[in-house]
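The block underneath contains the structure these notes are about, expressed in C-alpha cells.
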There are 2 protein chains.
Amino acid sequence: MVTIYDIATKANVSPMTVSRVINKSGKVSEATRTKVENAINELNYIPNSSARSLTSKKSKILSLVITDITNPFFTKVARGAEDKAKQMGYSLLLCNSDEDIDKESDYINMLVSTGVGGVLITPSEDKSRKNLRTLNKYNIPFILLDRKIEGINCDAVHGDSQEGTRKILEHLINKGHRKIAIINGPLDISTARERQKAYIETLNAYNLPVHEELILQSHYKNKDSNSDISKLLSVKLEKRPTAIFAANNFIAINTIKELRKINIRVPEDISVVCFDDLDPSIDLNPFLTVVAQPAYHFGFTGAQMLIERIEKTAPPEFRKIVLPSKLIVRNSSAHN
Amino acid sequence: MVTIYDIATKANVSPMTVSRVINKSGKVSEATRTKVENAINELNYIPNSSARSLTSKKSKILSLVITDITNPFFTKVARGAEDKAKQMGYSLLLCNSDEDIDKESDYINMLVSTGVGGVLITPSEDKSRKNLRTLNKYNIPFILLDRKIEGINCDAVHGDSQEGTRKILEHLINKGHRKIAIINGPLDISTARERQKAYIETLNAYNLPVHEELILQSHYKNKDSNSDISKLLSVKLEKRPTAIFAANNFIAINTIKELRKINIRVPEDISVVCFDDLDPSIDLNPFLTVVAQPAYHFGFTGAQMLIERIEKTAPPEFRKIVLPSKLIVRNSSAHN
DNA sequence: ATAACTATTGTTACCGATAACATCAAAATA
DNA sequence: TATTTTGATGTTATCGGTAACAATAGTTAT
C-alpha cells in the first residue's frame, strides 16, 4: 500500500506538501510540484479515501439507489446519472433496493457508513422517509427521483403521472374503449397513487363510470407471481374490460402473460397499454403501446442537481423538476 | 455523527468494549453487552466504515464491475451477485465501465481507494490486465466474469462460447443455411475471439467454406452507429449470406434494425440469431432465436466464490467454472 | 492462604490523510 | 537597515475505529 508518506520520502518533502499537490490546495512551488508528481506516478499511488473522508468528510462518490435494476427505465436513469457524474469528476455507485424497504435501509446505512457525497434515490415506498431522515441527519444531500415522499423537503425530479395517464387513457378512449381497467402498483408509492387519481379523473372527465372491480393492485417488480390478475380477469368474463392500463412496464408484461395463459388475445380481445417504455429490443417487434418517460434525463438532471447541492452552487430553495412523458402508440392497443 | 465514544459514554464503558460488542469479538459479559446494545439502538449508531477500514483493512462491501448496465445479460448477473452478497451479509456496489478501459480504471482506483472487500469484474478488454494487477497489488480478491484475461491467475466464471456457438450454428445449418455470416464483438475481448474460433471450427466440421467477407466486426454495446454493417450487407447482394450470427444480443438488435433500413426482412430474407437472451419483454412477442447463458448464475456463483476467497474458506488453487448455455429457438431463424 | 489462572474491561498507539498552526527564508516596505 | 509581508514548507493533533497489550477482579488449584 503506497501512502503519501512513501511519496514524501521519495520526493524528499513532507507528507503535507504531498497532500497539497494532490489536492491542488495551498501554495507549492513549481519545482516541488513536479518532484512530487513524478514520485506519485512512479509509485503508482492511489489515495486512501477512507483516511481522506475520515478527516475531510468530503467524497467524490455519488450513489444511485434504484428499486429494480432489471427494469430498463432504471437502467436508463442510471446511464444518465453516470454520464453526468463522470463529466463532473464523480463516480457513481449503484444500489438496487429491489422495492424492499429493509434492503434500502441496509444500503443507506452502508452509504452513510462509507461517507458517500450524495445520493440519488427512488424511494421504495412511503416508509423510506425514515431512510431519508437518516441522510438528513448525516448531512448527506439527496435528490428524490420519480417518486415523492410527503414531509421531506428536498430537490426532486419527477415524471408527470397525471398528464401521462391522461394521454394514454385518451388514446384508449379515442379508440372506442369504455371499460378500461387499471392494474396499479402498490398505493404506498406516490406514482401509483397519482396514476390512480388521474385514472379516475380522466374517466370522470369523459363521463365514463368508474368500476371498483376494474381497479386492481399489483406490484412494480418483475416477478410472475401475480396470478391474482388472471383470476380476476377471467372471472368477470361478461363484464370484462376491453382495455387495461398497467401502471408500469413489468405489470404490463405480466398481465399479458397471464392473459395468454387463459387464452385472451392482445389486442384482439383486449388492449393493454402501460407507463414506461421497454428496452431497445422492443424495436424489433413493436408491440406495447406506452407513455414513455425521459428516463435518461431523470438521471442526468438529478445528478446535476445533486452535484450543485454538494458543491453549494445550488440555489437555497429546493427545486422540483417535472419531466414530460410521451405517448408511443404501437400494437398492443386496438379499436374496440 | 454518533461514534463509539458517544456509545461508550452513554453505556459507561470504554470505546474498546463497544467495539467488541459491535464486532462480536473478544469476551464481553452479558450485562455490558445489553447495556451497550441499548445505547447503540437509542443513539441510532451507524459505524464509520472509513475509520474501520483504515485500521482493519476489511470491508463487507463487494463490487460488481460490468460493461453495460443496459444489457439484460448484465442486469441478471447483477441480480444474482446481489442475492448471494445479501445472503452472506455483504453489500454490492455496481460500477458500469461502459466497455471503456479508462472508465474501468477510474472505477478500480475508486474501489481500491474506498477499500472494497472484493471485486467481481467483467473486464472491458484485454488491456484490463493492468487494472487486475492493481487489484492484486492491493490484495483485493477478484473474480473474472464472462471474459478471460491471459496471464491473470484467479477464480473465474465463464460461459461456454465454444459450445454455445456450435449449438446455434448447427441450428442454422439444420435449417439449410450454408452461407452464415458472423458479426462479432471486438477481438480484444476473449468471448469474441472464442466465438469466432468456434464459428470457423463449426463451419469446417460441416465442410462449409469460411468466407472472409462474412466475418464482420462490431461492438457489444447498445448504440446505433454501426451502419457499416448495413453497408457491408447491402453491397454483396448477390452473395449475401442467408443467416447472420450476432455475437451478442445488442449486435443482433442493431443488425436487424440496419437490415430493416435497407428493406431486408427477418427471417424471410435472412435469419438472425445471437448469443445472450433479451429482457423479459421478449416473451410478449417471441422473436430472437438465441443461445442464452445462465446470467443469474454467473453473478450468484461468482459472488459465492468471491466471498469464499475473502473469508479464506476457498481452496488454495483457483477455480474456473464454466456454465452451459441453452438454445432457445424463436422466430428470427427460418428455413433457407 | 497464596500462587496461578481466567474472564472482563481498559489504555495506548496507530491506520492515512488533512486542518490548523508554526517556521523560516526571501521579498517588499518603511 | 530594520520591519513587515509573503511564499513555501514543516509539525502536530485529529478524524473513528481496532490491534496489541495492560490491568483488574474474581476463580480455581495447590
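Since the structure is predicted, the reported quantities are computational estimates derived from the model, not experimental observations. The sequence lines fix the lettering, A, B, ..., with proteins before strands; numbering per chain opens at 1. Just so you know, these numbers use all the heavy atoms, side chains as well, and skip hydrogens, waters and symmetry mates.
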Which nucleotides of nucleotides 4-16 of chain D have their base under 4.0 Å from a protein heavy atom (B), which only their sugar-phosphate (S), and which neither (-), written as one string 5' to 3'? ----SBBB--BBB
Charged N to carboxylate O under 4.0 angstrom, [X] versus [Y]?
X: A:R79; Y: B:D68; value: yes
X: B:D98; Y: A:K86; value: no
X: A:E308; Y: A:K84; value: no

Mind checking what makes side-chain hydrogen bond (donor to acceptor under 3.5 Å, both in side chains) contact with A:T122, not counting sequence neighbours?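 Partners of A:T122 by the side-chain hydrogen bond (donor to acceptor under 3.5 Å, both in side chains) criterion come out as none, since no residue qualifies.
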Can you run down the salt bridge (Lys or Arg N to Asp or Glu O under 4.0 Å) pairs that involve residues 38-55 of chain A, sequence neighbours left out, and say none if there aren't any?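 Pairs touching residues 38-55 of chain A that pass the test: A:K10-A:E42.
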Rounded interatomic separation in angstrom, taking [atom1] from [X] and [atom2] from [N]:
X: A:I46; N: C:dC15; atom1: CD1; atom2: C1'; answer: 17 Å
X: B:Y138; N: C:dG16; atom1: OH; atom2: P; answer: 11 Å
X: B:I22; N: D:dT18; atom1: CD1; atom2: C1'; answer: 11 Å

Look at the side-chain N and O atoms of B:S19 and state whether any lies under 4.0 Å from the OP1 or OP2 oxygen of D:dG17. no
Under the side chain to side chain contact (heavy atoms under 4.5 Å, CB included) test against B:F300, which residue among B:M305, B:K76, B:Q87 passes?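 Passing option: B:Q87.
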